[in-house]
2 protein chains.
Amino acid sequence: MTEDMWAAVPPGSPRRLLTAAVDAFAGVGYHGTSTRHIAAAAGMSAGALYVHYRTKADLLFQIALAVHESVLAALRDALAAAGGEGHAPRVRALVYAFAGWHARHHLAARVIQNELGALEPEHAERIAGLRRTVRALLRDEIRAGAAAGEFDVADVEGTARALASLAIDVCRWYRPEGPRTPEEIGALYAHLALRMLGTGNG
Amino acid sequence: MTEDMWAAVPPGSPRRLLTAAVDAFAGVGYHGTSTRHIAAAAGMSAGALYVHYRTKADLLFQIALAVHESVLAALRDALAAAGGEGHAPRVRALVYAFAGWHARHHLAARVIQNELGALEPEHAERIAGLRRTVRALLRDEIRAGAAAGEFDVADVEGTARALASLAIDVCRWYRPEGPRTPEEIGALYAHLALRMLGTGNG
DNA sequence: GTCTATATGCGGATAGAC
DNA sequence: GTCTATCCGCATATAGAC
């Protein structure tokens, strides 16, 4: 199901540079990372980087694009698999996929959560659109379940924000060597989410 | 109740530099901020900064200290006010205070959440201790309520982590011009927290 | 496509006058 | 305590050889 997040990036130097940049940005931030470091981690000289990416900012943008498309695909796959089984199972699938994705791809997720402000204005606008789409997916499911009387939610916007926030923040504290797998985290968070929505059977 | 977070910082230049640094770090990150910019925002030349702070890293450390002591004080005040009314009201008070604090002080909170990695090792250890104390406060309350049968929690550690994560992340999306006050966010999050704990009366 | 070398500017931090 | 001037290193990005 989850095909490689970097499938659209040409293998070889472009991809090695991109993944090296993800590691570096996740560790010390965009401004804390030098192009020299990225190039060295990808096994080449500083100058060679600019054959594949116009600027350091372009590198960040390419990461942001790939990452947001990956998370959108994961959410849509989850909804498609859930089908029309009712609102609770659909939200459960959404939160399970969303939280699990942020654990599995915690480094890439951390980059785009922490370094959005470093995007250049035109790049930022493109990314902001993708993010609105993600938030709308969650909010619309909650609104539909509340309208159907399946959820007990007084503040749909605020609760949707809280659910997204909770799942996204997984990428900031998750450690691969920790006690829980991404699937276990997804299951726990889906459970908590349904309780937050007042289904009573979370 | 919430006395000024910077009460321990001498007024005048030291405090102006500190608050200017908070604004700058929150906006473009620690590595994205120059000492020249901080000094200018505080109304002085670049060199004058070093009369009050040894290094840029020291500035970040002083911010981290003040901020963590402020949040600890807020949590302890909340617990003291809640008294022994039962576990649910105590957790409610804790989450209300924690989430509200992260809205009210979202800029300072963002700095210490995003830039912890920029602390120097010895500074980081000191701050890590304060953070453990905060997490323990929350976790112990949840554990006590679960042990008393007042909460229905299968995974105490994971749920405590989720609660803290949810409240902390407020500082990343909160905007003063948004539709909710810090108090409203605190109330919503306390409500959601009790539902997550399975009290049934959240 | 990769290398070495370099242009150019900005960063943190210090020195010394007032 | 603040200023101006400066040291020195590192960063992004480019040029030109291979």
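Below, each value reflects all heavy atoms present in this structure, side chains not excepted, and no hydrogens, waters or symmetry copies. These figures come from a predicted structure and were not determined experimentally. So you know, we letter chains A, B, ... as the sequences are listed, proteins then strands, and number each from 1.
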Taken to the nearest whole Å, OH/A/Y30 to C1'/D/dA11 is 11 Å

Atom pair distance, as rounded to whole Å: CG in B/L59 and P in C/dG12: 11 Å

Side chains of residues 182-190 of chain B: which donor-acceptor pairs under 3.5 Å do they make with residues two or more places apart or in other chains?
{"residue": "B/E183", "atom": "OE2", "partner": "B/R104", "partner atom": "NH1", "Å": "2.8"}
{"residue": "B/E184", "atom": "OE1", "partner": "B/T181", "partner atom": "N", "Å": "2.9"}

Matching residue for A/H102 among A/L166, A/I168, A/D169 - test: side chain to side chain contact (heavy atoms under 4.5 Å, CB included): A/I168

Protein-nucleotide distance (A/L49, atom CG; C/dA5, atom P), rounded to Å: 19 Å

Nearest-Å distance, NE2 (B/H31) to P (C/dG11)? 14 Å

Where do B/R126 and B/H68 land on the side chain to side chain contact (heavy atoms under 4.5 Å, CB included) test, with the steps shown first? CA-CA 11 Å; B/R126 173 98 178 270; B/H68 281 91; over 6 Å; no

Looking at B/Y50, I'd like to know whether one of its side-chain N or O atoms comes within less than 4.0 Å of OP1 or OP2 on C/dA13. yes

Heteroatom pairs (N/O) under 3.5 angstrom, protein to nucleotides 1-4 of chain C:
{"residue": "C/dT2", "atom": "OP1", "partner": "A/S13", "partner atom": "OG", "Å": "2.8"}
{"residue": "C/dT2", "atom": "OP2", "partner": "A/S13", "partner atom": "OG", "Å": "3.4"}
{"residue": "C/dT2", "atom": "OP2", "partner": "A/H52", "partner atom": "NE2", "Å": "2.6"}
{"residue": "C/dC3", "atom": "OP2", "partner": "A/S45", "partner atom": "N", "Å": "2.4"}
{"residue": "C/dC3", "atom": "OP2", "partner": "A/S45", "partner atom": "OG", "Å": "2.8"}

Less than 4.5 Å apart, side chain to side chain, heavy atoms only: is that true for B/L119 and B/I127? yes

Please determine which of B/L163, B/V134, B/L137 meets the side chain to side chain contact (heavy atoms under 4.5 Å, CB included) test together with B/F98. B/V134

Measure OH/A/Y53 against C1'/D/dA13 and give the value in whole Å, please. 17 Å

The complete set of salt bridge (Lys or Arg N to Asp or Glu O under 4.0 Å) pairs with one or both residues in residues 43-67 of chain B, sequence neighbours excluded, reads none

